[in-house]
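Fair warning: this is a prediction, and the values are worked out from it, not measured in the lab.
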Amino acid sequence: MPSFAVETPGRRYPILVERGSLAKLRDYIPARAGKVFVVTTEDVWRLYGGLLKKEIAQSPHEILFFPGGEARKRLAEVEALAEQMMEKGGDRSSVVVAVGGGILTDVAGFLAAIFMRGIPVIQIPTTLLAQVDAAIGGKTGVNLVAGKNLIGSFHQPLAVLIDPAVLDSLPEREYRAGLFEIIKHGVIADPDLFWLMRREPGRVLSHSPEVVDRMICDSVRLKADVVSGDEKEEDRRRILNFGHTFGHALEAETGYAQFLHGEAVAWGMKAAAALGEMERVLPREDREEIVECVNSYGPFPTVSGIDPRRLAARLKSDKKTLKGRIHFVLPERIGAVRITADVDERFVLKAIEDALAC
Ligand SMILES: NC(=O)c1ccc[n+]([C@@H]2O[C@H](COP(=O)([O-])OP(=O)(O)OC[C@H]3O[C@@H](n4cnc5c(N)ncnc54)[C@H](O)[C@@H]3O)[C@@H](O)[C@H]2O)c1
């Protein structure tokens, strides 16, 4: 299976997508590295620790555990991990190996970004969402009470190792949550990928290896290409936020406890599509296709009792809001989006109401 590359001004690194790639970790640990700090969660280590231990056996190493969960994706946890690294002999020659879902790869990536002003990290994402999105592109960070990912850093990894086979142990709801980021990639820039998701839910949901590998490869290719062209999200990388502005508001409003990140993005894509149609940017048929495609990968947590006005107010605290102006990524058709801050505020509330109803 293929290897992809991200090329930014500061670094070029490979993304290996291959069944069995976990067993190649030792090839990616620099020969002159000091202590290897594996940062992971206990559930993931129980499943894959045996295999990975063999890969790091010849290097001095320590295993550090992060408790997991969006509520623990906080600066205090990063500090606690850094203290453990100091107690266990970490220094500037140390390397972090991040093994887990997107929360873990964000937290461990940020730890590597700031420990001794930055040490290398190898990312080993083990959820579908982290494999197709979170672990690629060097965005790392943690949440504030005020909102998601409000403290962070761009820190590109040494390499990303993706093994689609690890998804077989993923809980079904977590697998479906990752599918929504793949639908996002289809809508923003890859119509073939969108139509695969739209027409083949049976094969997608049954983990057909051929389909899983293709979904991952197409997503990785797209994300690597976008990040290589715009590492710091000054321009084209912003298209990856399709569905996220609305989705982050929903996650925050429900206390990060009700919706998985991917599920919130799913709802956010429906809201953005509704807004696109109201703004006469997106044809009605395309909006219906997006909504149908998203809904075919439900069920979703209930949205009853959620106040649309509170969601609308929360959009203002998203980090993509600049000088009080909210920037929206609106689809124009399947495979193309535009970024605009110029929308009618009444439509925003109406789009939220519509999306809560479908
Ligand atoms: N940095 C980025 O560019 C970026 C992009 C998208 C999302 N994110 C972030 O990703 C996070 C969501 O990540 P997620 O959806 O992967 O959730 P997650 O990290 O919570 O992982 C889901 C659960 O599955 C478990 N798990 C992981 N791999 C497993 C496996 N192979 N088998 C069994 N269980 C496994 C995890 O321990 C966890 O309990 C959010 O915080 C979001 O902000 C970041």
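Ionic pairing of K139 and E233 is present here: one or more N-O contacts between side-chain nitrogen and carboxylate oxygen are shorter than 4.0 angstrom. A salt bridge is absent between R74 and E77; no separation between the charged side-chain nitrogens and carboxylate oxygens falls under 4.0 Å. Of the charged side-chain nitrogens involved, none lies within less than 4.0 Å of a carboxylate oxygen, so that D354 and K270 do not count as a salt-bridged pair. A salt bridge does not link D225 with R221: none of the charged nitrogens is closer than 4.0 Å to a carboxylate oxygen. The existence of a salt bridge linking R346 and D344 is confirmed by a sub-4.0 Å separation between a basic side-chain nitrogen and an acidic carboxylate oxygen. Under the 4.0 Å criterion applied to side-chain N and carboxylate O atoms, D230 and R238 are not assigned as salt-bridge partners.
Of the residues Q156, R11, R237, the one that meets the side-chain hydrogen bond (donor to acceptor under 3.5 Å, both in side chains) test with E231 is Q156.
Checking T302 against S304 by side-chain atom types alone, a donor-acceptor pair falls below 3.5 Å. Judged purely by distance below 3.5 Å, without hydrogens or angles, the side chains of H155 and T140 never pair a donor atom with an acceptor atom.
Scanning all heavy atoms of the two residues, the minimum distance from E55 to R26 falls at OE1-N, 2.9 Å.
Panel note: side chain K223, backbone I136; a donor-acceptor pair is recorded below 3.5 Å. For Q131 (side chain) and P125 (main-chain N/O), a donor-acceptor pair under 3.5 Å exists by modelled atom type. Without hydrogens or angle criteria, N149 side chain to G141 main chain gives no donor-acceptor distance under 3.5 Å.
Rounding to the nearest 0.5 Å gives a distance of 4.5 Å between CD of E210 and CZ of R203. With rounding to the nearest 0.5 Å, the separation of CG in L315 from CZ in F246 is 5.5 Å.
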Item to check | Intermediate values then yes/no, salt bridge (charged side-chain N to carboxylate O under 4.0 Å, His left out), R214 and D192 | outcome: CA-CA 11 Å; R214 177 174 161 202; D192 289 347; 5.2 Å; no

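Y175 and H207 have their aromatic ring centers within a separation under 6.0 angstrom.
Taking the six-membered ring where tryptophan is involved, the planes of F180 and F300 are tilted, since the angle between them lies from 30° to 60°. Ring geometry, H248 versus H261: the interplanar angle falls from 30° to 60°, so the pair is classed tilted.
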Show me, pair by pair, the donor-acceptor contacts under 3.5 angstrom made by side chains of residues 94-112, not counting sequence neighbours?
from, atom 1, to, atom 2, distance (Å)
S94, OG, D91, N, 2.9
S94, OG, D91, O, 3.0
T105, OG1, G101, O, 3.4
T105, OG1, G102, O, 3.2
D106, OD2, K73, NZ, 2.8

